[in-house]
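Quick notes on the structure that follows.
Side chains are part of it too, since the values below use all heavy atoms of this structure and drop only hydrogens, waters and symmetry mates. In what follows, residues are counted from 1 in the order of the sequence shown.
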Amino acid sequence: SSHFGSSRSAEAPLVFPVLHPSSSVAMASVAASQLSKEQKEELLCTYAALILHDDGADITPQAMTDLIKAANCTVEAYWPTLMAKMIKNVGMEGLIKMGSGGGGGG
């Protein structure tokens, strides 16, 4: 189960269509329109947290909300608070390692 109590199974990971900057090939297999509202909101918070982490900024609910609003998006008010609390408890590096999983050979 997800850290956020969603019904998404471990066998069906959340993916989002992202284009690699140097190509027009999608790096994910599910269109944004196919994601549930909860999945989109979790993903928005994840991206906001990653941006803040990459910038070396504090990952706070307000900073996440500001980034999400700057992207012309909205999430339920509890999402940034929940995500920031999880990051504070687990640590961003630990969460990144959890999410990286094993890669396929090539």
Side-chain angles (χ1 to χ4, degrees):
S1 78
S2 168
H3 294 286
F4 302 107
S6 75
S7 60
R8 182 170 38 91
S9 72
E11 295 77 34
L14 177 64
V15 292
F16 198 76
V18 178
L19 295 179
H20 189 276
S22 64
S23 76
S24 60
V25 178
M27 294 172 49
S29 61
V30 176
S33 62
Q34 295 177 331
L35 298 175
S36 71
K37 179 180 184 287
E38 291 79 18
Q39 289 171 320
K40 289 177 188 176
E41 291 182 358
E42 182 178 348
L43 197 58
L44 282 165
C45 288
T46 300
Y47 283 152
L50 287 168
I51 290 167
L52 291 166
H53 175 73
D54 190 51
D55 283 348
D58 289 335
I59 302 170
T60 66
Q62 187 60 55
M64 292 172 67
T65 300
D66 291 346
L67 273 175
I68 292 165
K69 285 182 180 178
N72 255 355
C73 297
T74 60
V75 298
E76 294 290 334
Y78 68 87
W79 274 110
T81 301
L82 186 64
M83 181 74 76
K85 184 176 181 178
M86 181 182 65
I87 291 166
K88 182 179 179 183
N89 291 335
V90 178
M92 195 65 178
E93 295 299 329
L95 290 170
I96 290 170
K97 286 179 186 175
M98 278 187 234
S100 65

Name the atoms and distances for all side-chain donor-acceptor pairs under 3.5 Å in residues 84-92, with sequence neighbours left out.
{"from": "N89", "atom 1": "ND2", "to": "K85", "atom 2": "O", "distance (Å)": "3.4"}

I'd like a table of donor-acceptor pairs (distance under 3.5 Å, sequence neighbours excluded) in which one partner is a side-chain atom from residues 53-60, with atom names and distances.
{"from": "H53", "atom 1": "NE2", "to": "E93", "atom 2": "OE2", "distance (Å)": "3.0"}
{"from": "T60", "atom 1": "OG1", "to": "A63", "atom 2": "N", "distance (Å)": "3.0"}

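Under the side chain to side chain contact (heavy atoms under 4.5 Å, CB included) test applied with C45, the options I68, L82, T65 reduce to a single match, I68. If you run side chain to side chain contact (heavy atoms under 4.5 Å, CB included) between M64 and each of L52, T46, T81, only L52 comes through.
With rounding to the nearest 0.5 angstrom, the CD atom of E38 is 10.5 Å from the NZ atom of K40. Interatomic distance, L95 CG to M83 CE, rounded to the nearest 0.5 Å: 8.5 Å. If you take CD on E41 and OH on Y78, they are separated by 6.0 Å, rounding to the nearest 0.5 Å. Interatomic distance, L67 CG to L50 CG, rounded to the nearest 0.5 Å: 11.0 Å. Note that the CD atom of Q62 and the CG atom of D66 stand 4.5 Å from one another [nearest 0.5 Å].
Remark: T74 engages no residue in a side chain to side chain contact (heavy atoms under 4.5 Å, CB included) (not counting sequence neighbours).
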